[in-house]
> 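This is the structure I have questions about; it appears just below.
Residue numbering restarts at 1 for every chain, and letters A, B, ... go by the order of the sequence lines. Basis for what follows: all heavy atoms, side chains included, without hydrogens, waters or symmetry-related copies. Keep in mind it's a predicted model, so treat the numbers as computed, not measured.
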Amino acid sequence: MLSRFRFLGNFYSTQSRFFFSRFAFTQSDLPPPEWIEPFINLSDLSATNPEDLTPSPWVAPNFVAFVLASAEIQNKPDVASRFFAWAAKQKKYTHKLECYVSLINVLALANDLVKMRFLFGQLKEMQFVMTMSSANSLINIFGELGMVEELLWVWRRMKDNEVEPSLYTFNFLLNGLVSSMFIESAERVFEVMENSKIRSDVVSYNTMIKGYCKAGQTLKAMKLLRAMEMVNLEPDKITYLTLMQACYSEGNFDSCLVLYHEMAEKGCEVPPHEHSLVVGGLCKEGKCLEGYVAFENMIRNGVKANVAIYTTLIDAFAKCGKMEEALELFERMKTDGLEPDEVSYGVIVNGLCKSGRLDEAMDYLKFCSANEVAVNAMFYSSLIDGLGKAGRFDEARKLFEEMVEKDCPRDSYCYNALAKCGRINEALALFKRMEDEGCDQTVYTYTILISGLFRERKNEEAMKLWDMMIDKAFEDMITVLCKAGRVKEACKLADGIVVRGREIPGRIRTVLINALRKAGNADLAMKLMHSKIGIGYDRMGKIKRRVKFRSLLES
DNA sequence: TTAGGGTTAG
């Protein structure tokens, strides 16, 4: 947005200089602001009603473009639409390409996709000659919204009009494709760049790296980092942050640490977030002392700690059973001028509950409620769990019911904590309540119930729940694998369900189709959508054909 | 033009 503002500023100042020298303007010139302002309030466009404007000679295309660009900067889609419509009605006036681009942009910001599509349909019919700046802007906006068809139209149009794409055009295109998870297409564009006059730069590499990370192909992303060194391109802090973030989410903290040292060695600026990833990684592995060393190291390097880093460390100490150290860090954080938030308090409350210090934990709950710290479900689940384990069932139940009064939605953790400490009938009633309240039952919920039922020798009921759980687990597993981009494994699992004589529900097919599409396998997604893969039963329940999901990926 | 925080259970 800033860059467009800058563009507009340059555009305007050069034009107005031109103006003063000529003292008059023609249809295509732009009037200076002091000429426009009696008619239209540029600093607050909503104060102007376009219908009140005197038309000629003010309806110069550049004037309209300028007002629309102002509306875009002020994010006023209604004003822009009205002004656009008003201008279109004036005699001898037709919109310029830039007017369409401005209005499309402001509509995109307002998320009005329907109007955007309609307008783009008009633009396509206008036979405009595509310009570089309009193409860049459109490719950027369509890319962000995942409107790949529209994006490719602009790209082709540019080619037809023999407008040479710039490095920015390529990078916008790459980013658009990557945001819409068209990774294979992005790969092809990247290859084209490698072989063209325009060489890919750090941004192009970073964008491809982001794409691979999003698709769960961290190894490919790593290879690209090494490829940068081969072409003498210096990776920057964004390259490292993207990769470290991906390694961190995969739980690969060693690689995270390697990248961290690498960037420090290269003298690359290390942003606070990279430090958090390292401290967080060490803490997640239970190495709270090493995490603490990294934390001190960060402060020595002049990077100020923030609430998130403190919270990570406090939690790590609490989990190692070092509650006193955790509380000391909590105090240090406050003397450091940082205000603990609900997550920090949640970590403290959870730690206290785990170490059996329930009354202190209850005091924190009271303190937070009285001091406008948002009390969330985690506070309650920790306390309900702790109270239950200490045999204080009534207090646990009371807290569970109190959540409704306090407008705090109950999650599965709260239900499970209470179900675990009560009798089996109570737990079954809670299972039903979860369903009614739309709270997801987890594997842990089923485990509590099944073991409870077996203990009471209600074996048949237990087995029924077991079957329910297995079906749900398969479905969850497929969803999780798809989200991680591991479509091949998801397909194998789906085949496993069919072999066991069960059918794949439509909603899981959709998950698979979307995963294939996101992984850049649009063709395979189409194939699955229109095929009978996995659906292998006739009306008598006999297997008619059993085409495996896996066959999709083997072809 | 690209990136961007932490917490909960057997």
> Is the distance from OP1 or OP2 of B:dA3 to the nearest side-chain N or O of A:Lys237 less than 4.0 Å?
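No.
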
> What I want to check is whether an N or O donor and acceptor connect the side chain of A:Tyr444 with the base of B:dA9 at under 3.5 Å.
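Result: no qualifying N/O pair found.
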
> Between B:dT8, B:dG5, B:dA9, which nucleotide gets closest to the side-chain atoms of A:Lys420?
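Closest nucleotide among those given: B:dA9.
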
> Pull out every residue in residues 369-388 of chain A that has a heavy atom closer than 4.0 Å to any atom of DNA chain B, ordered by number, or say none.
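Under 4.0 Å from DNA chain B: A:Met378, A:Ser381.
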
> How long is the straight-line distance from NE2 of A:His261 back to CG of A:Leu259, given to the nearest 0.5 Å?
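Here the rounded value is 10.5 Å.
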
> When the distance from CZ of A:Phe317 to C1' of B:dT7 is rounded to whole Å, what number comes out?
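It works out to 17 Å between those atoms.
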
> With a 3.5 Å cut-off and sequence neighbours excluded, list the donor-acceptor pairs that the side chains of residues 343-351 of chain A form with protein atoms.
unit_1: A:Ser344; atom_1: OG; unit_2: A:Thr311; atom_2: OG1; d: 3.4
unit_1: A:Ser344; atom_1: OG; unit_2: A:Asp341; atom_2: N; d: 3.1
unit_1: A:Ser344; atom_1: OG; unit_2: A:Asp341; atom_2: O; d: 3.4
unit_1: A:Ser344; atom_1: OG; unit_2: A:Asp341; atom_2: OD1; d: 2.9
unit_1: A:Asn350; atom_1: OD1; unit_2: A:Lys354; atom_2: NZ; d: 2.9
unit_1: A:Asn350; atom_1: OD1; unit_2: A:Ser382; atom_2: OG; d: 3.2

> The criterion is side chain to side chain donor-acceptor pair (under 3.5 Å); which residues satisfy it with A:Gln245, sequence neighbours excluded?
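A:Gln245 satisfies side chain to side chain donor-acceptor pair (under 3.5 Å) with A:His273 once adjacent residues are dropped.
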
> Please list, by residue number, the residues of residues 212-235 of chain A whose heavy atoms come closer than 4.0 Å to an atom of DNA chain B; answer none if no residue qualifies.
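None - not one residue of the stretch has a heavy atom sitting under 4.0 Å from the strand.
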
> Are A:Tyr310 and A:Phe330 close enough that their ring centers fall under 6.0 Å?
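No.
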
> Answer with base, sugar-phosphate or nothing: what part of the nucleic acid does A:Asn306 contact at a heavy-atom distance below 4.0 Å?
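If one applies the 4.0 Å heavy-atom cut-off, A:Asn306 turns out to touch a base.
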
> Just by modelled atom types, is the A:Met130 backbone N or O under 3.5 Å from a matching donor or acceptor in the A:Asn161 side chain?
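Looks like yes, one N/O pair under 3.5 Å.
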
> Examine B:dT7: is either OP1 or OP2 under 4.0 Å from a nitrogen or oxygen in the side chain of A:Lys319? Give yes or no.
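Answer is no, no contact under 4.0 Å.
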
> Could you report the tightest heavy-atom contact between A:Glu72 and A:Leu109, atom names first, then the distance?
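Closest pair (atom of A:Glu72, atom of A:Leu109, distance): O-CD1, 4.2 Å.
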
> Considering residues at least two apart in sequence or located in another chain, which fulfil the side chain to side chain donor-acceptor pair (under 3.5 Å) criterion with A:Tyr248?
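Side chain to side chain donor-acceptor pair (under 3.5 Å) list for A:Tyr248, sorted by chain: A:Lys284.
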
> How many whole angstroms separate atom CE of A:Met208 from atom C1' of B:dT1?
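Distance, rounded to whole Å: 16 Å.
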
> Listed in order of residue number, which residues of residues 424-439 of chain A have a non-hydrogen atom at under 4.0 Å from DNA chain B?
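When residues 424-439 of chain A is checked for heavy atoms under 4.0 Å from DNA chain B, there are no hits whatsoever.
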
> Among A:Val231, A:Asp236, A:Leu225, A:Ile238, find the one that has a side chain to side chain contact (heavy atoms under 4.5 Å, CB included) with A:Tyr205.
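It is A:Val231; the other options fail the test.
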
> With ring-ring contact (aromatic ring centres under 6.0 Å, His included) as the rule and sequence neighbours excluded, what pairs involving residues 374-404 of chain A come up?
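Passing the test, one end in residues 374-404 of chain A: A:Phe400-A:Tyr415.
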
> Only distances under 3.5 Å count here; give the side-chain donor-acceptor pairs of residues 463-471 of chain A to other protein atoms, sequence neighbours excluded, each with its distance to 0.1 Å.
unit_1: A:Asp471; atom_1: OD1; unit_2: A:Arg502; atom_2: NE; d: 2.7
unit_1: A:Asp471; atom_1: OD2; unit_2: A:Arg502; atom_2: NE; d: 3.4

> Which part of the nucleic acid, if any, lies within contact of A:Ser276, taking any heavy atom under 4.0 Å across all strands shown: a base, the sugar-phosphate backbone alone, or nothing?
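The residue A:Ser276 makes no contact with any strand.
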
> Give the nucleotide from the list B:dA9, B:dT2, B:dG5 with an atom nearest to the side chain of A:Ala308.
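The nucleotide sitting nearest to the side chain is B:dG5.
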
> Calculate the interatomic distance between A:Ile209 atom CD1 and B:dT2 atom P; express it in whole Å.
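About 15 Å, once rounded to whole Å.
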
> With respect to the phosphate group of B:dA9, does any side-chain polar atom (N or O) of A:Lys389 fall under 4.0 Å of OP1 or OP2?
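The answer is no; no side-chain N or O of A:Lys389 sits under 4.0 Å from OP1 or OP2.
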
> In whole Å, I'd like the distance from the CG atom of A:Leu241 to the C1' atom of B:dG5.
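Nearest whole value for this atom pair: 10 Å.
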
> Would you mind checking if A:Glu331 and A:Lys334 are paired as a salt bridge, meaning a charged N to carboxylate O distance below 4.0 Å?
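The answer is yes: the pair qualifies as a salt bridge.
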
> In whole Å, what is the span from the CZ atom of A:Phe253 to the C1' atom of B:dG6?
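Between C1' of B:dG6 and CZ of A:Phe253: 13 Å.
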
> Using a cut-off of less than 4.0 Å, is there contact between a side-chain N or O of A:Lys210 and OP1 or OP2 of B:dA3?
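Result: yes.
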
> Run through A:Arg433, A:Arg397, A:Lys432, A:Lys420 and flag the one making a salt bridge (charged side-chain N to carboxylate O under 4.0 Å, His left out) with A:Glu426.
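For A:Glu426, the salt bridge (charged side-chain N to carboxylate O under 4.0 Å, His left out) test succeeds with only one of A:Arg433, A:Arg397, A:Lys432, A:Lys420, which is A:Arg397.
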
> First locate atom CG of A:Leu257, then atom CD of A:Glu262, and finally report the distance between them rounded to the nearest 0.5 Å.
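With rounding to 0.5 Å, CG (A:Leu257) is 12.0 Å from CD (A:Glu262).
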
> Show me the donor-acceptor pairs, under 3.5 Å and distance only, between side chains in residues 446-457 of chain A and residues at least two apart or in other chains.
unit_1: A:Thr447; atom_1: OG1; unit_2: A:Val443; atom_2: O; d: 2.7
unit_1: A:Ser451; atom_1: OG; unit_2: A:Thr447; atom_2: O; d: 2.7
unit_1: A:Ser451; atom_1: OG; unit_2: A:Ile448; atom_2: O; d: 3.2

> Side chain of A:Phe172, heavy atoms from C-beta onward: which of B:dT8, B:dT1, B:dG4 has the nearest atom to it?
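In terms of side-chain proximity for A:Phe172, the closest of B:dT8, B:dT1, B:dG4 is B:dT1.
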
> Donor-acceptor pair, A:Ser196 side chain versus A:Ile198 backbone, under 3.5 Å?
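Yes.
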
> Is there a residue in residues 323-354 of chain A whose heavy atoms reach under 4.0 Å of DNA chain B, and which residues are they?
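Of all residues in residues 323-354 of chain A, the ones placing a heavy atom under 4.0 Å from DNA chain B are A:Asp341, A:Val343, A:Ser344, A:Val347, A:Asn350, A:Lys354.
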
> Counting side-chain heavy atoms from CB outward, which of B:dA3, B:dT1, B:dG6 is closest to A:Thr242?
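Looking only at side-chain atoms, A:Thr242 lies closest to B:dA3.
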
> In terms of side-chain heavy atoms of A:Tyr168, which of B:dT7, B:dT1, B:dG6 is nearest?
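Nearest to the side chain of A:Tyr168 among the choices is B:dT1.
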
> Just checking A:Asn416: base, sugar-phosphate only, or nothing, at a heavy-atom cut-off of under 4.0 Å?
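Here A:Asn416 touches the bases of the nucleic acid.
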
> Does anything in residues 140-159 of chain A pair up under ring-ring contact (aromatic ring centres under 6.0 Å, His included), and if so which pairs, sequence neighbours excluded?
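Qualifying pairs: A:Phe120-A:Phe142, A:Phe120-A:Trp153, A:Trp155-A:Phe170.
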
> Assert yes or no for the condition that the ring centre distance of A:Phe295 to A:His275 is strictly below 6.0 Å.
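Aromatic pair excluded; centres sit 6.0 Å or further apart.
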
> Is there a residue in residues 196-207 of chain A whose heavy atoms reach under 4.0 Å of DNA chain B, and which residues are they?
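Within this stretch, A:Asp201, A:Val203, A:Asn206 sit under 4.0 Å of the strand.
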
